[in-house]
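See structure below.
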Amino acid sequence: MPENPNSPATHPLGATHPLALAPVTGPASSVDGFVRQFLRNLNYERGVPLSASSVNDRYFALAMTVRDYLMARWLEDLRRQRETKPKGVCYLSAEYLLGRQLDNNLLASGLGEIATEAMAQCGIDIDEMRAQEVEPGLGNGGLGRLAACFIDSLATMSVPNVGYGIRYEYGIFRQTFVDGQQVEQPDAWLTLGSPWEFPHPEGARKVAFGGHTETYDDGGVTRSRWVPGWHVQAVPYNYMVPGYLNGRVNTLRLWSAVATDAFDLRIFNSGDYEEAVRAQTFAENISKVLYPEDSTPQGKELRLQQQYFFVAASISDFLATTLGDDDIATLPDRVIFQLNDTHPVIAVPELMRVLVDERHLEWDAAWEITKQCFAYTCHTLLPEALEVWSVDLLGRLLPRHLEIIYRINDDFLDEVRERFGDDEMRIRNMSIISEFPERSVRMAYLATVAGSKVNGVAELHSQLLRDKVLPDFNEFFPGKFTNVTNGITPRRFVRLANPGLSELITEAIGTGWLTDLERLRELESYAENPDFRAAFGEVKAANKRRLNEVLFERDGFEVSDGHMLDVMVKRLHEYKRQMLKVLHIVTQYESITSGRVEAADIQPRTFIFGAKAAPGYAMAKRIIHLVNAVGSVVNADPRVEGRLKVLFPPNYNVTLAERVIPAADLSEQISLAGKEASGTGNMKFALNGALTIGTDDGANVEIRELVGDDNFFLFGMSEPQVEDLWAAGYKPADFYQADDNLRRAMDLIASGAFSDGDKSVFEPIVSNLLYDDRFMVLADYSSYIAAQARVDAAYADTDAWTRSAILNVARCGFFSSDRSMRDYIDRIWHTPPML
């Protein structure tokens, strides 16, 4: 794996100076040793005495001290990798939603108690330091959080790994609400700096764009080469990724874009200050924000620039710092590049370009190497989420790569014809190049052709991927498709997020379960123990009180005592069907305010939403507006006071998730069957003792099979039933007419009841549901309302509900990211741990 460019073994003195050869040692693992190192960092790194230090100074010194303890392990791991040259995993991902690092690194290093006591001896409350930390804004949702879980597990399992990505200056965005509508603001997470990163400008890689290609004579051999139009520099920032209590530290390497010639003094002196820094501005835009709004041609181009920028830098980095002078033919023995969705797939032609144009391998030899070095994870079933780049854009930005893609496609289609003959329809369906609506490159197809394996992320998703999304490829490549069901790290999402539950589990079954989560099965018998159920209930109540404190301080919200906490937190996308949840709330509200149902007969609930909508996703933003509008009306209406409350804290992130998830009673996983690839929130909720109401979609299928039908609230159509209804001609208005409750809820929204009488505000939502309803909200409404009635009845029996919650925890150990990594290792990577 990529080494630290400043480590002694690569320094000129490394071979001669005895001090350079001595192993790096960490500070003494004692309270006194921690205090000494903390004060040293405060004085010599921050330049302040304790008496004059700010909260940020103390936080930085604390973080640096924890970092110092991890440093010796990190450098030792890098040294051993240089010597043993193991095969490792390079995880290429556009997102890493890391969450706060302080507690995670204290937990992994076993320094939690020492650090707490050391800070107390310095007169510092460590909780104040925790609150000071700003979460890195490096991801959007499930994809980035999954990547963070995976690199955590690989370190914990001692598998050599480097995660490669982009160091976004502003991340996705900080969400605020103005009059209930989402407003995006820059997520300035780097304003006060980050103590966890190590910049290495001397290790920068040059990344090219634009220009043209040309042929030339190389000793009688005609070759092609790229003559770029411009370059940017990719500067690496390294983050340590510690394994849990195993002394292992891997690397996350994020790239920041800077100009090769950032400043033109001549132009500056002429008075044209803006032009003097134009190159710098252009370059820095590449790593400015996660997923630039791409509804414009400029936005699309910037997104492709981002993708090529980080994979080109990453491949160059690996070949230079890890493979080095070793034979390029050994590359498949040293690395597997895992493509986390389609964002990094441009890495395939980039590696081919390097092998053919720069290393001068013959095409066939280069292609054999490339096919062994990549594997592809597909994270979606939605056609619009399978990235496609226009030939015009690719040709303008990456002309040599387009030539290589054409060659890959021509060779592949020749193989298809050889196998199946001149089946024109099959050829069109399998071509990496699509002709309609414009000539473009289908990146998922390219990844499938090039990858040694293609995997889905849940059993149902993988089946649909093989049978419906890429069926021709599954037939052509027998054995290439496999499944790896997603998982989550129990270190962050149980131990750190839910310390009360973690202590209760350890008291019951002992230690060791955090790295062997299937041991949670030992809890099953405790579900029948009244004392354990009481203790479990108290943990849940304490988590609700903790959440109430957080939301009150953060947003001025209050979680009502005695309420069921009904939670739906995930990216705002129509297929996830936040609208179905809204219709349930409006149905309950309408039934009370119309007098048809007594408020006292309604199970008290607090509904919590958390979601960001992509800036250009108009319908998703309208739904956010509606959720907030419904909440404003419901929360202010005395007729439902004490029974219904709707809360939508803005800017949902990992830090807030760690408080919301452990407090939840009911987990809303209500996507249309066949649309959600997997989900990971569903796993986090179940492992923290929430019951799921959900469709048979994504990993819900596996959760339900494991926890049992009695401990899961299933509703809605199955995926085949969805397909049958579409085929028969789905008319959502028919469902509206046939269901009185649905009609009343829809009419109430249409009437302007939640928009100060203005019927036009939410008319696009109503019309979309009545006349389009692509994700069949109305078709599943009746089943969903019936399932919610079952939820109410079940929650009324506190003892039985708690028993089911315990069984959810006990039976969901399968959903550890450690198990996911074992599956990847066994089925795809074949990368043993470094012992």
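For reference, positions follow the sequence shown, starting with 1.
- The closest donor-acceptor contact from the side chain of Arg819 to the backbone of Phe814 lies under 3.5 Å.
- Under a 3.5 Å cut-off, the side chain of Arg100 and the backbone N or O of Arg130 do form a donor-acceptor pair.
- Ile336 places a side-chain heavy atom less than 4.5 Å from the side chain of Lys87.
- A donor-acceptor pair under 3.5 Å is absent between the side-chain atoms of Asn808 and the main chain of Leu691, judged by distance alone.
- Side chain of Ser109 to backbone of Leu106: a donor-acceptor contact under 3.5 angstrom is found.
- Counted by atom type alone, Asn238 and Thr251 present zero donor-acceptor pairs between their side chains at under 3.5 Å.
- Salt bridge absent: Asp152 and Arg492 never bring a charged side-chain N and a carboxylate O closer than 4.0 Å.
- Less than 6.0 angstrom separates the ring centroid of Phe34 from the ring centroid of Tyr69.
- Salt bridge absent: Arg545 and Asp561 never bring a charged side-chain N and a carboxylate O closer than 4.0 Å.
- A salt bridge links Glu522 with Arg519: at least one charged nitrogen is closer than 4.0 Å to a carboxylate oxygen.
- No side-chain heavy atom of Val707 sits less than 4.5 Å from a side-chain heavy atom of Leu807.
- Below 30°, between 30° and 60°, or above 60°: for Trp255 and Tyr164 the angle between ring planes is below 30°, a parallel geometry.
- Note on Asp32 versus Arg36: salt bridge recorded, some NZ/NE/NH1/NH2 to OD/OE distance being below 4.0 Å.
- The shortest side-chain heavy-atom distance between Tyr59 and Val134 does not fall under the 4.5 Å cut-off.
- Of the possible donor and acceptor atoms, one in the side chain of Arg67 sits under 3.5 Å from a partner among the backbone N and O of Pro195.
- The backbone N or O of Ala458 sits less than 3.5 Å from a side-chain atom of Asn483, completing a donor-acceptor pair.
- Taking the ring centroids of Phe337 and Trp829, they lie at or beyond the 6.0 Å cut-off.
- Defined by atom type and a distance below 3.5 Å, a donor-acceptor pair is present between the side-chain atoms of Ser667 and Gln669.
- Taking the side chain as every heavy atom from C-beta outward, Asp665 and His563 never approach each other to under 4.5 Å.
- Thr65 and Gln37 share no donor-acceptor pair across their side chains, judged by distance under 3.5 Å alone.
- Of the possible polar contacts, none joining the Glu459 side chain to the Glu702 backbone as a donor-acceptor pair under 3.5 Å is found.
- Taking the six-membered ring for Trp, Tyr824 and Phe150 have ring centres closer than 6.0 Å.
- Checking Tyr91 against Gln338 by side-chain atom types alone, no donor-acceptor pair falls below 3.5 Å.
- A donor-acceptor pair under 3.5 Å is absent between the side-chain atoms of Arg253 and the main chain of Gly165, judged by distance alone.
- You'll find the side chain of Phe712 reaches within 4.5 Å of the side chain of Asn700, heavy atoms only.
- Taking the six-membered ring for Trp, Tyr795 and Trp801 have ring centres closer than 6.0 Å.
- Checked for salt-bridge contact, Arg803 and Glu524 miss the test: no charged N lies under 4.0 Å from a carboxylate O.
- Formation of a donor-acceptor pair under 3.5 Å by the Ser816 side chain with backbone atoms of Asp818 is found in this model.
- When atom types are taken as modelled, the side chain of Ser820 and the backbone of Gly487 share a donor-acceptor pair closer than 3.5 angstrom.
- A salt bridge between Arg79 and Glu83 is present, with a side-chain N of the basic residue lying under 4.0 Å from a carboxylate O of the acidic one.
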